[in-house]
2 protein chains.
Amino acid sequence: MNNLYEKKAQIFKALSNPVRLEIIDFLTDGEKCVCEIVEKLNYEQPHISKSLIKLKEAGLIEDRKDGLNVYYSLKFCCMKEFFNCLNKMIK
Amino acid sequence: MNNLYEKKAQIFKALSNPVRLEIIDFLTDGEKCVCEIVEKLNYEQPHISKSLIKLKEAGLIEDRKDGLNVYYSLKFCCMKEFFNCLNKMIK
DNA sequence: AAACTATATGCCATTATTGGAATATAATAT
DNA sequence: ATATTATATTCCAATAATGGCATATAGTTT
């Protein structure tokens with residue numbers, strides 16, 4: 001199996017979960033620390049943490065440490081058009 | 001499928017598999033019948049069939065019957081830009 | 001140092017996905 | 001009607017994902 005298809009599949013897999021999509025959505029607003037994401041979404045902190053790590057491993061977000069906090073942000077600006085197309089699909 | 005994030009997640013889930021991505025790739029070339037897809041990819045016919053149904057259920061492809069054959073084709077032309085963005089992500 | 005806070009990791013039961021093998025269906029040809 | 005062909009469905013074992021709970025780590029404060 002072609003490597004490239006697997007890499008792409010990994011990205012889509014990272015996006016194939018409602019919680020992780022909600023995180024992405026929240027991050028379009030700018031970088032957020034884990035505690036803000038936990039507060040916004042209604043999930044346990046460990047689950048949010050694991051979700052963020054999965055998104056990071058797929059290369060979709062990046063993190064920045066500042067004291068006790070870890071701030072996550074979107075890594076690609078084209079993500080907006082990406083999701084615009086997606087929105088057309090679900091109409 | 002109650003909320004929007006779940007609907008989007010379903011689309012990404014359908015795309016989160018190398019075989020299904022290869023099918024999508026093959027279909028950008030134009031509509032293909034199941035047998036052509038089976039011949040092109042190296043998988044059992046039942047597996048290809050199930051993959052196609054999953055893509056169809058996600059609303060990404062559509063089918064057309066003609067005699068014994070079933071032809072599948074992409075449902076969205078914006079899929080090209082969608083994948084262009086994806087390609088930027090994996091560089 | 002100990003206490004506290006933000007985040008990450010490990011464990012676990014439940015549920016979903018994967019892909020092969022056998023079989024069923026549906027359209028066509030003889 | 002029977003045979004043939006293209007596609008779909010069912011069953012199954014192996015593997016992976018989900019999300020809660022308990023705990024660990026790492027930076028900060030006192």
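Naming convention: chains lettered A, B, ... in sequence-line order (proteins, then strands); numbering from 1 in each chain. These numbers come from a predicted model, not from an experiment.
Straight-line distance from the NZ atom of B:K65 to the P atom of D:dT7: 11 Å, rounded to whole Å. Atom P of nucleotide C:dA6 and atom CZ of A:R64 are separated by 16 Å, given to the nearest angstrom.
Judged as a side-chain hydrogen bond (donor to acceptor under 3.5 Å, both in side chains), not a single pair has a partner in residues 33-42 of chain B (not counting sequence neighbours). Sorted by first then second residue, the ring pair (Phe, Tyr, Trp, His ring centres under 6.0 Å) pairs that include residues 22-42 of chain A, not counting sequence neighbours, number zero. For residues 19-28 of chain A, the set of pairs meeting the side-chain hydrogen bond (donor to acceptor under 3.5 Å, both in side chains) definition, not counting sequence neighbours, comprises A:D25-B:Y5.
For the pair B:N69 and C:dA27, the criterion of a side-chain N or O lying under 4.0 Å from OP1 or OP2 is not met.
A:Y72 comes within 4.0 angstrom of the backbone, heavy atoms only, and of no base.
The stretch residues 12-28 of chain A touches DNA chain D through A:K13, A:N17, A:R20, each having a heavy atom under 4.0 angstrom from the strand. A heavy-atom distance below 4.0 Å to DNA chain D is reached by these residues of residues 33-58 of chain A, ordered by number: A:Y43, A:E44, A:P46, A:H47, A:K50, A:K54.
A:K32 pairs by the salt bridge (charged side-chain N to carboxylate O under 4.0 Å, His left out) definition with A:D29, not counting sequence neighbours. Legend: residues meeting side chain to side chain donor-acceptor pair (under 3.5 Å) with B:E57, ordered by chain and number and at least two apart, are absent. Legend: residues meeting salt bridge (charged side-chain N to carboxylate O under 4.0 Å, His left out) with A:K56, ordered by chain and number and at least two apart, are A:D63. With sequence neighbours left out, the salt bridge (charged side-chain N to carboxylate O under 4.0 Å, His left out) criterion links B:E44 to no other residue.
Considering only heavy atoms from C-beta on, B:N69 comes within 4.5 Å of B:C35 through its side chain.
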Could you tabulate the donor-acceptor pairs under 3.5 Å formed by side-chain atoms of residues 45-54 of chain B, not counting sequence neighbours?
from	atom 1	to	atom 2	distance (Å)
B:S51	OG	B:H47	O	2.9

Filtered N/O pairs between nucleotides 28-30 of chain C and protein, under 3.5 Å:
none

(request) Can you run through DNA chain C from 5' to 3' and write each base as (, ), [, ], | or . depending on how it pairs? Watson-Crick or G-U wobble, both distances under 3.5 Å. (result) ||||||||||||||||||||||||||||||

